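In each ligand, atom 1 is the first atom listed, and ligand 1 is the first ligand listed. Values in this document were obtained by computation on a predicted structure and should not be read as measured data.
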Amino acid sequence: MKFTAICALFAVAVVGSPTPPPNDRSNTGRTQRILLNSRSTAANSSKVFDPRTVWEQLGFAYRKYSATMGAYRRNTGSPHPLSSRFDVRSVAKRTTNGSVPLVNYNADLWYGEIEVGTPPKPFTVVFDTGSSDLFLPSTTCSVGCARHTQYDPSASSSAKDTGQPFVLMYGAGETAGEEYVDDVFVGGYEAKDQTVGAAWAYSPEFSKDAFPPDGLSGLAFPEISEFEGSPLFQTLAESGELPQSVIGFKLSTTPGDSEMVIGGTNTNLYRSDTLTYVPVTNKGYWQVEIDAISRLGQEVVESQAAPAIIDTGTTFVITSYSIAQSYYANISGATAHTEGTDTYWTIPCDTINSTVPTFTFGKRAFNVSAQTYNLGPDVPSGDCLAGIAASSEMEFTIVGDVYLQNVYSVFDYANATVGFAELT
Ligand SMILES: *[C@@H]1O[C@H](CO)[C@@H](O)[C@H](O)[C@H]1NC(C)=O
Ligand SMILES: *[C@@H]1O[C@H](CO)[C@@H](O)[C@H](O)[C@H]1NC(C)=O
Ligand SMILES: *[C@@H]1O[C@H](CO)[C@@H](O)[C@H](O)[C@H]1NC(C)=O
Ligand SMILES: *[C@@H]1O[C@H](CO)[C@@H](O)[C@H](O)[C@H]1NC(C)=O
Ligand SMILES: *[C@@H]1O[C@H](CO)[C@@H](O)[C@H](O)[C@H]1NC(C)=O
Ligand SMILES: *[C@@H]1O[C@H](CO)[C@@H](O)[C@H](O)[C@H]1NC(C)=O
């Protein structure tokens with residue numbers, strides 16, 4: 001039996017039509033912009049946070065990395081290089097007791113459209129650079145898929161059943177189904193014979209109310225895939241059709257302002273002179289080295305030259321306890337809240353905006369705005385939640401949407417690099 005994690009990711013997506021319209025604003029002829037919906041915008045959720053959702057987010061991230069590291073080991077025969085910095089022994093004790101009210105989950109996520117099958121049918125998916133598998137609810141789904149658009153392989157002349165079952169671990173529940181291959185259209189390109197997990201059951205985290213998109217599409221490397229076939233980004237990169245094997249993202253909570261582009265970047269959205277690439281240090285995740293996290297020009301010593309994973313599917317920046325503790329140590333009124341191995345910090349709302357971090361990649365400093373770092377007030381204390389959380393089980397940094405909303409990000413598959421640029 002196979003286990004995959006998918007997680008609290010939240011990212012993007014959209015659709016590619018087989019015949020793209022000509023009003024393409026990206027820098028390539030065929031590429032379409034994929035407009036992304038932001039969940040918080042759609043749901044107009046308030047910025048008041050519920051601490052339970054923070055614990056839940058941190059738990060999801062832990063389970064996602066636990067499962068994907070397991071997949072890496074099975075796929076490559078070697079432990080993931082970061083597994084020595086990851087405490088796998090605590091997987092069992094992290095199992096949720098089921099008391100977390102999922103409806104309160106208000107972290108952000110971005111999603112858009114893909115089309116699957118012949119004739120192509122539209123679905124919405126989150127695109128997650130922190131995992132590698134694509135799944136959708138199928139028409140045979142009997143649990144948890146109500147009101148989602150469901151994939152019907154029998155209605156697609158290009159669908160082939162591989163006969164391979166899968167189980168994806170997600171939070172308290174499991175998502176199970178069967179792997180098919182079918183043609184997937186995304187951003188104006190076709191991924192032929194793409195592996196698609198057709199789910200028979202969705203856990204409550206994926207119910208329509210908790211999770212507006214239909215499915216999820218991982219955009220990382222095959223080393224962390226649970227499925228037999230090639231992950232979507234590899235299929236696209238190997239199709240030979242992309243002008244460049246890159247995906248560009250802009251994530252924003254402003255309606256209509258988020259998009260993903262495949263095969264190029266939208267040069268209107270960033271300052272080209274600031275585009276800075278860093279090499280992927282180990283294929284699997286989009287894993288790079290961060291030069292440092294700093295504040296007011298002071299680098300957190302522990303963060304220098306530390307491993308970092310660029311993950312559109314994680315809301316927070318989650319780092320090691322030592323990095324986070326040093327970061328917050330000099331901030332007046334910063335209060336740590338710890339449960340088990342996870343910690344988040346709150347800071348008085350009238351001063352939190354002046355405590356924002358800067359992340360340096362490839363020697364270029366990228367500021368994080370108060371708007372994305374300040375996650376809003378905690379009702380009991382009146383203090384505001386800061387966007388850098390910590391896990392004492394992960395000695396690496398997951399760079400999620402708190403940072404990624406501040407930059408244009410470029411994932412280059414063939415060159416195995418990640419680029420960041422200042423937004424225009
Ligand atoms: C959005 O805001 C409106 C007006 O404040 C409110 O009536 C509605 O319930 C909100 N929608 C959601 C999904 O929270
Ligand atoms: C489950 O865990 C939460 C904290 O994570 C705790 O408040 C609650 O009492 C626990 N419920 C049970 C049934 O153990
Ligand atoms: C925190 O304060 C100490 C002592 O004043 C200083 O050495 C260090 O650089 C500061 N760190 C940050 C991140 O500001
Ligand atoms: C980043 O923040 C620093 C400190 O506030 C500021 O001096 C610098 O101009 C900012 N950089 C950009 C690109 O906004
Ligand atoms: C802090 O920044 C947020 C987001 O930009 C803003 O809504 C809020 O009013 C600011 N708070 C203060 C005290 O300036
Ligand atoms: C990526 O690699 C291709 C050739 O493999 C090269 O033409 C291109 O310039 C590279 N892009 C970057 C940003 O390094």
Side-chain angles (χ1 to χ4, degrees), residues 38-41 43-51 53-54 106-108 110 248-258 265-278 290-301 303-304 308 310 315-317 323 326-335 344-389 397 399-410 418-424:
S38 160
R39 170 205 176 111
S40 67
T41 305
N44 64 357
S45 60
S46 72
K47 270 203 120 192
V48 174
F49 83 90
D50 178 337
T53 68
V54 185
N106 63 356
D108 216 338
W110 286 265
F249 283 99
K250 180 183 179 186
L251 303 180
S252 166
T253 52
T254 304
D257 218 17
S258 301
T265 60
N266 186 340
T267 51
N268 296 325
L269 297 181
Y270 63 93
R271 289 183 42 206
S272 299
D273 61 322
T274 65
L275 180 57
T276 304
Y277 283 97
V278 284
I290 188 169
D291 294 334
I293 298 172
S294 53
R295 190 175 70 82
L296 300 177
Q298 292 289 314
E299 292 189 353
V300 172
V301 172
S303 71
Q304 291 168 346
I310 314 304
T315 300
F316 287 87
V317 171
I323 291 175
S326 297
Y327 183 81
Y328 291 111
N330 294 1
I331 298 175
S332 163
T335 308
Y344 67 83
W345 277 262
T346 53
I347 296 172
C349 292
D350 55 353
T351 56
I352 186 172
N353 288 359
S354 62
T355 69
V356 292
T358 294
F359 286 55
T360 304
F361 290 99
K363 308 278 177 268
R364 180 172 287 274
F366 294 97
N367 290 343
V368 173
S369 68
Q371 201 182 0
T372 66
Y373 166 77
N374 176 355
L375 290 163
D378 167 27
V379 171
S381 73
D383 285 353
C384 278
L385 171 66
I388 300 177
T397 302
V399 179
D401 303 328
V402 162
Y403 169 79
L404 293 171
Q405 289 176 75
N406 294 276
V407 293
Y408 193 83
S409 50
V410 183
V418 179
F420 297 120
E422 286 173 19
L423 296 167
T424 48

Worksheet item: What do you reckon, does Ser369 put a non-hydrogen atom under 4.0 Å from ligand 5?
Response: no

Worksheet, complete the sentence: In ligand 5, the atoms that come under 4.0 Å of a heavy atom of Cys349 are 13 (C)

Discussion item. Strictly less than 4.0 Å: does any protein heavy-atom distance to atom 11 (N) of ligand 4 fall in that range?
Written reply: yes

Discussion item. Quick check: do Asn406 and Phe366 have side-chain heavy atoms less than 4.5 Å from each other?
Written reply: no

Worksheet entry | Near-ring test Tyr403/Phe420, centroid separation under 6.0 angstrom | yes

Worksheet item: Are side-chain heavy atoms of Ile290 and Phe361 found at a separation under 4.5 Å?
Response: yes

Item to complete: Around atom 13 (C) of ligand 4, find the nearest protein heavy atom and jot down its residue, atom name and distance.
Response: Glu422 OE2, 3.3 Å

Worksheet item: Going by the order shown, which atoms of ligand 5 are within less than 4.0 Å of some heavy atom of Asn353?
Response: 1 (C), 2 (O), 3 (C), 8 (C), 10 (C), 11 (N), 12 (C), 14 (O)

Worksheet item: Is there a side-chain contact between Tyr344 and Ile388, using heavy atoms and a 4.5 Å cut-off?
Response: no

Worksheet entry | Geometric class of the Trp345/Tyr328 ring pair [parallel <30°, tilted 30-60°, perpendicular >60°] | parallel

Worksheet item: What atoms of ligand 5 come within less than 4.0 Å of a heavy atom belonging to Gln371?
Response: 4 (C), 5 (O)

Item to complete: Would you check the N or O atoms of Asn367, main chain and side chain alike, for any that come under 3.5 Å of an N or O of ligand 4?
Response: yes

Worksheet item: Short check: is a protein heavy atom less than 4.0 Å from atom 4 (C) of ligand 4?
Response: no

Worksheet item: How would you list, by chain and number, every residue that makes a ring-ring contact (aromatic ring centres under 6.0 Å, His included) with Tyr408, sequence neighbours excluded?
Response: Tyr270

